[in-house]
Amino acid sequence: MASTATTVDLSPMPVSVRPAARLAQLFGGLALYGTSMALMVRAEIGLSPWDVLHDGLTRLLGWSFGEITALTSVVVLALWIPLRQRPGIGTVANVVVIAVSVDLVLGLLPPAHWLPGQVALFVAGLVLNGVATAVYVGARLGPGPRDGLMTGLHARTGWSVRLVRTGIEVGVLVVGWALGGSVGFGTVLYAVAIGWITQLCLPLVTVPGHR
């Protein structure tokens, strides 16, 4: 049974409710998420599970990292159907903003080669990733494709966000590794820690329901 202390209402709210603040939260969170992805890629000590998949597809297709991210987003949307998830403005923004921001930051940030610097860069990316996820999901303007799986399973099963997010990340990691994506120490750290970070931040940034 999920702990009531971790229950957060993540259901979408009409965009007409506090639109300026919520749209700023959405786009800011998405831009930070793309930035966090680029930080972890440049750390070169392993990738997050989803990015292991993106890396494998990038090697296979020769597309940019951002383009592959957008492609997988569209594919993942099909998995929403049995969960009866509804897309919102946040869903569309997720596909576009993350793809653009990750490619932009990758173009500006050189790879790290000194191990302590690599670890610091990855940890910074990991923490920022969890915070950014909570920020844009907490705007309640519709989750992104990947987080639609998380919020949908959370709503349907009653399992904690931590448990659902970690389960998804581990499953994606196995598929990405099979496709030849980059796996390392950072991958393990991400899979273990991301659910905890996201769950910790969600109550702090989620927009409360209107009455």
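The first residue of the sequence shown is numbered 1, and numbering continues consecutively from there.
Of all non-hydrogen atoms in V102 and G66, the two that sit nearest each other are CG1-CA, 3.7 Å. The minimum heavy-atom distance linking A139 with L26 is given by the pair CB-N, 4.0 Å. Closest non-hydrogen pair, V97 versus A31, comes out as CG1-N, 3.8 Å. Taking each heavy atom of T69 and M37 in turn, the nearest pair found is OG1-CE, 3.7 Å. Of all the heavy atoms in A38 and V105, the pair that sits closest is CB-CG1, 3.5 Å. The two residues L141 and M13 have their closest heavy-atom pair at CD2-O, 4.4 Å.
Identified under the side-chain hydrogen bond (donor to acceptor under 3.5 Å, both in side chains) test for residues 176-187, with sequence neighbours left out: none. Screening residues 192-208 for salt bridge (charged side-chain N to carboxylate O under 4.0 Å, His left out), with sequence neighbours left out, gives no hits.
Within the 4.5 Å cutoff, no side-chain heavy atoms of D9 are placed close to those of T206. Contact check for S101 versus L30: no side-chain heavy atoms found under the 4.5 Å cut-off. In this structure, the side chains of L57 and T72 come closer than 4.5 Å at one or more pairs of heavy atoms.
Residues satisfying the ring-ring contact (aromatic ring centres under 6.0 Å, His included) criterion with F27, sequence neighbours excluded, are absent altogether. Partners of T198 according to the side chain to side chain donor-acceptor pair (under 3.5 Å) rule, which considers only residues two or more places apart in sequence or in another chain, do not exist here. I168 is linked by a side chain to side chain contact (heavy atoms under 4.5 Å, CB included) to W50, L149, M150, L153, V164, V172, counting only residues two or more places apart in sequence or in another chain.
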Show me, pair by pair, the donor-acceptor contacts under 3.5 angstrom made by side chains of residues 106-126, not counting sequence neighbours?
residue	atom	partner	partner atom	Å
Q118	NE2	A43	O	2.9
Q118	NE2	A112	O	3.3

Apply side-chain hydrogen bond (donor to acceptor under 3.5 Å, both in side chains) to S73 and R146, showing your working.
CA-CA 7 Å; S73 294; R146 297 160 189 78; 2.6 Å; yes
